[in-house]
Amino acid sequence: MMQELALPDVYRFLEPGPVVLLTTAQNGKMNVMAMLWHMMVEFVPPRLACVVSNGDYSFAAMRAVGECVIAIPSVESASEVVAVGNVSGRDVDKFSAFGLTPVAAGRVSAPLIEECFANFECRVVDDSLVEAYGIFVLEVLAAWVDPEKENPKTLHHHGYGKFVVDGRSIHLKSKMP
Ligand SMILES: Cc1cc2nc3c(=O)[nH]c(=O)nc-3n(C[C@H](O)[C@H](O)[C@H](O)COP(=O)(O)O)c2cc1C
């Protein structure tokens, strides 16, 4: 027998992918936030959409500079991920407060994060949905992976502080690249 689900809990069942970190830089000041709501929208050039709330300090930098880095943390960084997602860069230098190491990017002003196993340098290519939904469409200009971080296990948010950690892999024949 089905039970009615509270509507605010719907998102927990459509978990879109790993929790990522989004870095920005504006007027020489770097910042980082946690981000869950993102989705790929194109293979080549790689494009993705993401939701950055207009209450976030990062929102202003995204609007003003139009650049960011999407950095993918593994489970080893779980407590830092939650920390940067629970305080604002308005009040705290989150890189030094939470021991994250910024690394200069090649194409954008926002920094890569050394502790993350993948870093994607992005430019905002469509902001027509920002006003209505907080959705920024990004194009990845350069992508980096750390070959020394083998078999990274990503974090997947299921709400209320519960995270699922990437599990075993299975390989099936599929036309999907
Ligand atoms: C696991 C997790 C996922 C989050 N996902 C998002 C998201 O997708 N979009 C968003 O706007 N905020 C998200 N947040 C909240 C921001 O990370 C949070 O408001 C942060 O403090 C904003 O930092 P800033 O003010 O320095 O930009 C998430 C937080 C956590 C802990």
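Starting from 1, each residue takes its place in the sequence as its number. Counting convention: from 1, in listed order, for ligands and their atoms alike. Any value given below was found using the heavy atoms of this structure, including those in side chains, with hydrogens, waters and symmetry copies removed.
- Looking at atom 5 (N) of ligand 1, its nearest protein heavy atom turns out to be L36 N, 3.0 Å.
- For F136, the ring pair (Phe, Tyr, Trp, His ring centres under 6.0 Å) partners at least two apart in sequence or on another chain are F59.
- Side chain of E67 to backbone of A110: no donor-acceptor contact under 3.5 angstrom is found.
- For ligand 1, the atoms sitting less than 4.0 Å from at least one non-hydrogen atom of W37 are 8 (O), numbered in the order shown with element in parentheses.
- If you check which protein heavy atom lies closest to atom 4 (C) of ligand 1, you get A34 O, 3.6 Å.
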query = Please walk me through it: do Y57 and K94 pass side-chain hydrogen bond (donor to acceptor under 3.5 Å, both in side chains)?
reply = CA-CA 12 Å; Y57 190 52; K94 292 192 247 182; over 6 Å; no
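- No donor-acceptor distance shorter than 3.5 angstrom exists from the side chain of K153 to the backbone of V165, with no hydrogens or angles considered.
- E114 contributes no side-chain N or O that, together with a main-chain N or O of V103, makes up a donor-acceptor pair within less than 3.5 Å.
- Here V51 has backbone heavy atoms under 4.0 Å from ligand 1, and that is the only part of it that gets that close.
- Using a non-hydrogen distance threshold of 4.0 Å, T24 does not register as a contact of ligand 1.
- Residue F95 forms a side chain to side chain contact (heavy atoms under 4.5 Å, CB included) with just one option from L100, N31, V84, and that option is L100.
- Listed for the T24 side chain is no donor-acceptor partner under 3.5 Å among the backbone atoms of S58.
- For ligand 1, the atoms sitting less than 4.0 Å from at least one non-hydrogen atom of V87 are 20 (C), 21 (O), 23 (O), numbered in the order shown with element in parentheses.
- Residue nearest to atom 20 (C) of ligand 1, selected from D91, V84, V32, N54: V84 (by heavy-atom distance).
- For atom 23 (O) of ligand 1, the closest non-hydrogen atom on the protein side is K94 NZ, 3.0 Å.
- N119 places no side-chain N or O within donor-acceptor distance of the main-chain N or O of W144, the cut-off being under 3.5 Å.
- Atoms of ligand 1 found under 4.0 Å from any heavy atom of N31, numbered from 1 in the order shown, are 24 (P), 26 (O), 27 (O).
- Of all the atoms in ligand 1, the ones that sit under 4.0 Å from a non-hydrogen atom of S58 are 24 (P), 27 (O).
- Using the six-membered ring where Trp is involved, F163 and H157 have ring planes that are tilted, between 30° and 60° apart.
- Open room surrounds OH on Y133; 12 or fewer heavy atoms of other groups in view lie less than 6.0 Å from it.
- At a 3.5 angstrom cut-off on N or O pairs, S88 counts as close to ligand 1.
- Protein heavy atom at the shortest distance from atom 29 (C) of ligand 1 is G85 O, 3.6 Å.
- Less than 4.0 angstrom separates some heavy atom of D56 from each of these atoms of ligand 1: 10 (C), 11 (O), 12 (N), 18 (C), 19 (O), 22 (C), 25 (O), 27 (O).
- Less than 4.0 angstrom separates some heavy atom of V52 from each of these atoms of ligand 1: 11 (O).
- When each atom of ligand 1 is checked for a heavy atom of Y57 under 4.0 Å away, the hits are 24 (P), 25 (O), 26 (O), 27 (O).
- H38 does not count as a contact of ligand 1, since none of its heavy atoms falls under 4.0 Å from the ligand.
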